[in-house]
*Asks:* 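Input: one structure, supplied below.
Please read these numbers as outputs of a predicted model, since none were measured by experiment. Naming convention: chains lettered A, B, ... in sequence-line order (proteins, then strands); numbering from 1 in each chain.
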There are 4 protein chains.
Amino acid sequence: MGKRKGPKYEQIIEAAVDVIAENGYYNSQVSKIAKRAGVADGTIYLYFANKEDVLISVFEEKMGQFITNIKDELTSRLSVEEKLHSLVANHFRQLSLSRNLAIVTQLELRQSSSHLRKQINDILKEYLLIMDGLIEEGKATGVFSDDLNEKLARQMIFGTIDEVVTTWIMNEYRYDLNELAAPVASMLLQGFGANVRAKQ
Amino acid sequence: MGKRKGPKYEQIIEAAVDVIAENGYYNSQVSKIAKRAGVADGTIYLYFANKEDVLISVFEEKMGQFITNIKDELTSRLSVEEKLHSLVANHFRQLSLSRNLAIVTQLELRQSSSHLRKQINDILKEYLLIMDGLIEEGKATGVFSDDLNEKLARQMIFGTIDEVVTTWIMNEYRYDLNELAAPVASMLLQGFGANVRAKQ
Amino acid sequence: MGKRKGPKYEQIIEAAVDVIAENGYYNSQVSKIAKRAGVADGTIYLYFANKEDVLISVFEEKMGQFITNIKDELTSRLSVEEKLHSLVANHFRQLSLSRNLAIVTQLELRQSSSHLRKQINDILKEYLLIMDGLIEEGKATGVFSDDLNEKLARQMIFGTIDEVVTTWIMNEYRYDLNELAAPVASMLLQGFGANVRAKQ
Amino acid sequence: MGKRKGPKYEQIIEAAVDVIAENGYYNSQVSKIAKRAGVADGTIYLYFANKEDVLISVFEEKMGQFITNIKDELTSRLSVEEKLHSLVANHFRQLSLSRNLAIVTQLELRQSSSHLRKQINDILKEYLLIMDGLIEEGKATGVFSDDLNEKLARQMIFGTIDEVVTTWIMNEYRYDLNELAAPVASMLLQGFGANVRAKQ
DNA sequence: TATGAATGAGCGTTCATTCAT
DNA sequence: TATGAATGAACGCTCATTCAT
């Protein structure tokens, strides 16, 4: 169990995302995922320890790539303001491009047991660390207020981004999520004490 | 079914909150709630249509009072800044006072089926409308930027508050949530273009 | 329990017939019968030992009157042929007049446990004895064949009448059951060796 | 669900007949049938859609063979009188050979919901059509009266056979059902106007 | 007598997981 | 590796019956 290799592993992950997005978390039986992946039910257990392991792996794989993409853009030499905007824009862009992934991470996977969600949070930690670094840099460079509470600032970034994406899904993608990156980043920066009047 | 009265109704609601907080949403069987409430399984069905109805009622009852409390404080003649601070502080205070309720609303109830969450959203709508009113007032009185995106602003308020509370729970209440109301409100106001330097 | 008196007893019996006819045997809960009878659930148990007792009593009361009616007409001085015709006609007439009773005795009560049906059979015994007497008389008077198997003859009478009524109900009363009394009696008599050519 | 194959399907059908015959229709839980069949509860649902489907299938399988057997004998070149006798004798013989089946079809399955009984009736229809054909032939060949009501005649055949079998079961098989075929057929034929004195 | 709120045993069905092939 | 038939524990809900008032 837990041997990660071969194309089957990927097939199952992809199938899980699609099945969960289409049927909802609690209608996503192992047998349904197996069928969609084109493998037998039992095969799932050759690649994953159990159903929960499949779901965690979905998040791991997908969020791993997600975070890598965001990191990649941040390494370039950008101002803090540009970095925050880049992070938000990248976050929105990636979820815009894969609505199934958006549904799964924003809605369906949150229905999982609190135990599973703790593990998901661990995976998210790397993403949060990126935000932490960004805030630190903002303060160090004098762009953000000295008295800014860093932890709260990060929670504000994540909470806002998260809520904006969720609302977009709940509104059935009726507007372009990408267009919200600029105003969202602007509000956040302003909240942190950066002078962004000009940008808005 | 669905006759709301007597002490049993309240007992069941309270039992449900405790059981869900302690066992998690998907480990909260009807029989467990009944036992905790000190009634027979069947008695649940004299007061509620089904299990889902119990959960919706938990949210209705608790959120109803929650929102009423927040509204009550807002009717006083306060500035927009004071109102936003009051809202955040009140939100944090109420959840500080009932950790089980906090767990249930922030973590466990989100595991419910999307069908149930839609109903929960309807209840939340009233809360969101309060926020909308506040933002409108802020723009009308010139406290907030003219070009503030109202929808996004509300999502920022809700997303931030929500994330702050969730993080507090995930950190096992290791700090005082109430002390975060002022900085959170301040960051939000600043994000909306209000001049709040002095207050912080 | 089992005190048979007062108008409530009758009310409950009547309510049971109606409720069973309208809802079917397995949708006829005690509470439904009580509501229809205009009494509390618990009151049923002041007049009947349990639900099964209600059902047996329905059959007892209704079949008792049913059989009495048939007996009354048979005491008159009629020929065997006339008596058989009278029995069939009377049977059909009574069920024609109360379709709810017909549904209950022909369809719904047969869904009861085999235990209950044994008791129903005991009640029917009196009716069967009437038929037995009739057949005996037919043989004694030479109207029926000497070698007629009396038990079988009775089963033929009952089985035929029963099936004709059931078929009539299954066909939703689309024809007049009463008009079938003459041909049915005629077939039976002929089957028993009576010369009924002229009558048909 | 509903995949009919392998020995398990047969096992479950046979187990159902035995369990129903021994415990009565409403004491025949799925778990009891599964245990008797030597399979897990869940296995039932690999072969049948639900409990009702098991019961319908019992009737389908058993009645299907029952009717086929009767048909097979009727295709031979027999007189109408012989055919009717054959039908009755065959009916009696088959139920004599499987008392559990007799109990199930005559007593227990009649307790099923009217919905289920409608489906059972559909299966029986083929049997009734055989009887219809027989009666028609009787009239066409002048064996039966010209003025015989065909519908009633069929109800007489079915009602009589049915009642004779039921009575035999209620009398706990104390006599040989097969011996009743001749007199029953004779009575029926005579009732239809056939000259059968000689045969009896 | 009469009430009706409360009881709790009982059951059909699902689905994650196993294992013989 | 891969299969998929088989497993059986688990749970929401109903309803006949009781009993305090």
*Asks:* Return the nearest nucleotide to the side chain of C:Asn50; candidates are F:dT17, E:dT3, F:dG4.
*Replies:*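 My answer, after comparing the listed nucleotides, is F:dT17.
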*Asks:* Of all the nucleotides listed (F:dT1, E:dA16, F:dC13), which has the minimum atom distance to the side chain of A:Val30?
*Replies:* E:dA16
*Asks:* Specify the separation, in whole Å, of atom CD1 of D:Ile33 and atom C1' of F:dG8.
*Replies:*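 Rounding to the nearest Å, CD1 of D:Ile33 and C1' of F:dG8 are 17 Å apart.
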*Asks:* With B:Asn100, which of B:Val19, B:Thr105, B:Val17, B:Ile20 fulfils side-chain contact (heavy atoms from CB on, under 4.5 Å)?
*Replies:* B:Val17
*Asks:* On the 0 to 90° scale, with breaks at 30° and 60°, tag the D:Tyr47-D:Tyr9 ring pair as parallel, tilted or perpendicular.
*Replies:*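 Ring orientation of D:Tyr47 relative to D:Tyr9: tilted.
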*Asks:* Nearest whole Å is fine: how far is E:dC11 P from D:Lys35 NZ?
*Replies:* 13 Å
*Asks:* For B:Tyr25 and F:dC11, give me the distance from atom OH to atom C1', rounded to whole Å.
*Replies:*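 Spelled out: OH on B:Tyr25 to C1' on F:dC11 is 14 Å.
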*Asks:* Want to settle it: does D:Thr43 or B:Gly42 sit nearer the 5' end of DNA chain F, counting the closest nucleotide to each?
*Replies:* D:Thr43
*Asks:* Which nucleotide in the list E:dA6, F:dT7, E:dT17 gets nearest to the side chain of A:Asp41?
*Replies:* E:dT17
*Asks:* Take atom CG of C:Asn23 and atom C1' of F:dC15, then tell me their distance rounded to the nearest Å.
*Replies:* 15 Å
*Asks:* Choose from F:dA16, E:dT13, E:dA5 the nucleotide whose nearest atom is closest to any side-chain atom of C:Lys51.
*Replies:* F:dA16
*Asks:* Of the listed nucleotides (F:dA5, F:dT17, E:dT18), which one gets closest to any side-chain atom of A:Tyr45?
*Replies:* E:dT18
*Asks:* Of all the choices, E:dA16, F:dT3, F:dT7, which nucleotide is nearest to the side chain of D:Val39 once you look at every atom?
*Replies:* F:dT7
*Asks:* Does B:Lys32 pair with B:Glu22 as a salt bridge, N-O distance under 4.0 Å?
*Replies:* no
*Asks:* Within this structure, what is the CD1-to-C1' distance between D:Ile44 and E:dT14, rounded to whole angstrom?
*Replies:* 14 Å
*Asks:* Give the rounded distance in Å between these two atoms: NZ of D:Lys32 and C1' of E:dG10.
*Replies:*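 The distance from NZ of D:Lys32 to C1' of E:dG10 comes to 12 Å, rounded to the nearest Å.
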*Asks:* Output yes when at least one side-chain N/O atom of D:Tyr47 is less than 4.0 Å from OP1 or OP2 of F:dA6, else no.
*Replies:*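 Yes, because at least one side-chain N or O of D:Tyr47 sits under 4.0 Å from OP1 or OP2 of F:dA6.
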*Asks:* Considering only heavy atoms from C-beta outward, does the side chain of D:Leu46 approach that of D:Val39 to under 4.5 Å?
*Replies:*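 D:Leu46 does not reach D:Val39 side chain to side chain.
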*Asks:* Side-chain contact test, heavy atoms from C-beta onward, threshold under 4.5 Å: evaluate it for A:Leu107 versus B:Arg117 and give yes or no.
*Replies:* yes
*Asks:* Without decimals, in angstroms, what is the distance between B:Tyr26 OH and F:dA10 P?
*Replies:* 18 Å
*Asks:* Across all strands shown, which nucleotide pairs with E:dT13 by Watson-Crick or G-U wobble geometry, both distances under 3.5 Å?
*Replies:*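 When the pairing criteria are applied, F:dA10 turns out to be the nucleotide that pairs with E:dT13.
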*Asks:* Separation of C:Lys8 atom NZ from E:dA2 atom C1', in whole Å?
*Replies:*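 So the two atoms are 6 Å apart, to the nearest Å.
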*Asks:* Within the structure, does a side-chain N or O atom of A:Ser31 lie under 4.0 Å from either OP1 or OP2 of E:dC15?
*Replies:* no
*Asks:* Is E:dT21 paired to anything, Watson-Crick or G-U wobble with both distances less than 3.5 Å, and if yes, which nucleotide?
*Replies:* F:dA2
*Asks:* Quick one: on DNA chain F, does A:Ala40 or B:Gln29 contact a more 5' nucleotide (nearest heavy atom)?
*Replies:*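 Here A:Ala40 is the residue nearer the 5' end.
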